[in-house]
Amino acid sequence: MDVSPPDSSVRRSGIVAVVGRANVGKSTLVNRIIGEKISIVSPVAQTTRNVVRGILTEPRGQIVFLDTPGVHRAKGELSRLINRAARTSVEGVDVILLLFDSSVPPRREDEGWCRWLFPHEDAAHILALNKCDVRRDCAQQYHRLWETVSRNRGGNLRIRWMRISALTGEGVEDLRELLFRLLPVGPLLFDEDVLTDYPRKLFIADVIREKLFMRLKEELPHQVAVEVQEIEEDRTQIRVDAAVFVDKESQKPIVIGHKGRLLRAARRAAEAELSGIFGRRVTLSLWVKVARHWQKNYWMLKRLGLVP
């Protein structure tokens with residue numbers, strides 16, 4: 001693959017899969033590079049459930065980022081679907097950007113991703129050590145992990161290492177420069193004004209879910225799903241009806257909160273953010289409903305956009 005400095009007279013375009021275990025900062029990085037909120041972010045692992053495409057277009061070309069769900073130990077059909085979506089996202093891409101959290105030691109999922117790179121020799125490979133702004137630095141442990149995996153697999157991949165902080169922006173401009181150098185020369189894949197091809201209903205549902213996650217913390221976020229059921233709009237306002245699904249009747253009062261405070265706070269936070277994104281007032285009507293075993297229901301998962 002040609003990695004010479006970009007020629008200003010030509011455009012480079014291609015697809016970059018941003019992969020890694022859960023909660024290493026993939027969505028934060030994609031949002032940082034693009035300069036817009038494309039993917040939701042929360043401290044809760046497995047926040048991203050779909051593969052989200054974020055599109056950066058510059059005079060030198062276009063990068064289509066695939067912000068993938070974090071791979072984690074599967075504990076049910078939903079987890080298996082999320083892991084499958086993450087792993088298949090690397091098929092046919094131009095660059096695989098494997099993100100590590102350098103503030104903590106490597107885990108089994110990190111080793112699994114290192115191994116997963118080897119069947120995809122046609123792509124360029126970047127290993128990025130994120131959270132370099134954090135005092136604790138486990139970078140050497142990741143280097144040793146890669147050396148061990150590479151030695152066991154034959155050591156035939158060319159790897160480029162980067163140190164970045166998706167939160168502060170340190171090293172991100174150098175990463176973006178490298179990505180453009182690795183992309184092939186070619187026409188734009190999307191129109192210049194497109195930031196994402198992620199469906200609007202799914203994006204709105206994700207923002208609502210993010211605000212719920214921020215308030216539920218670790219209590220029961222992975223039993224919560226959001227489906228936007230109707231959107232009505234005019235020039236000044238967007239009105240959204242959405243259902244918040246839980247797995248059991250006993251979970252409804254947790255999501256609603258004492259005197260409805262938790263749900264109301266999440267709704268207001270989502271309305272404020274969506275209004276800023278869409279440039280119009282957004283009002284949400286949220287209804288908490290029980291959908292027993294929704295994570296095992298194929299048709300329910302399809303409605304939520306979690307299966308093709």
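Around NE2 of H143, the count of heavy atoms belonging to other residues, nucleotides or ligands within 6.0 Å exceeds 12.
Relative to the ring axis of F118, R115 does not place its NZ or CZ within 45° and under 6.0 Å from the centre.
Using bins of under 30°, 30° to 60° and over 60° for the plane-to-plane angle, the ring pair H120/W116 lands in the tilted bin. Ring geometry, F203 versus F278: the interplanar angle exceeds 60°, so the pair is classed perpendicular (tilted spans 30 to 60°).
In terms of heavy atoms, I164 sits closest to G171 at CG2-O, 3.7 Å. In this structure, K131 and N23 approach most closely via the heavy-atom pair NZ-O, 3.7 Å. The shortest heavy-atom contact between Y142 and S102 is CE1-CA, 3.9 Å.
We find the CG-CD1 distance between L179 and I33 to be 6.0 Å, quoted to the nearest 0.5 Å.
In this structure, L263 is not a member of the same hydrophobic cluster as W287, with clusters built from ILVMFWY side-chain heavy atoms closer than 4.5 Å.
Salt bridge R163/D137: present, at least one basic N to carboxylate O contact under 4.0 Å. Salt bridge present: E227 and R303 bring a charged side-chain N and a carboxylate O closer than 4.0 Å. Under a 4.0 Å N-O distance rule, the pair R200/E233 qualifies as a salt bridge.
For the residue pair T283/Q237, the side-chain donor-acceptor check at 3.5 Å is satisfied. For the residue pair T57 / E192, no side-chain donor-acceptor distance below 3.5 Å is found, with atom types taken as modelled.
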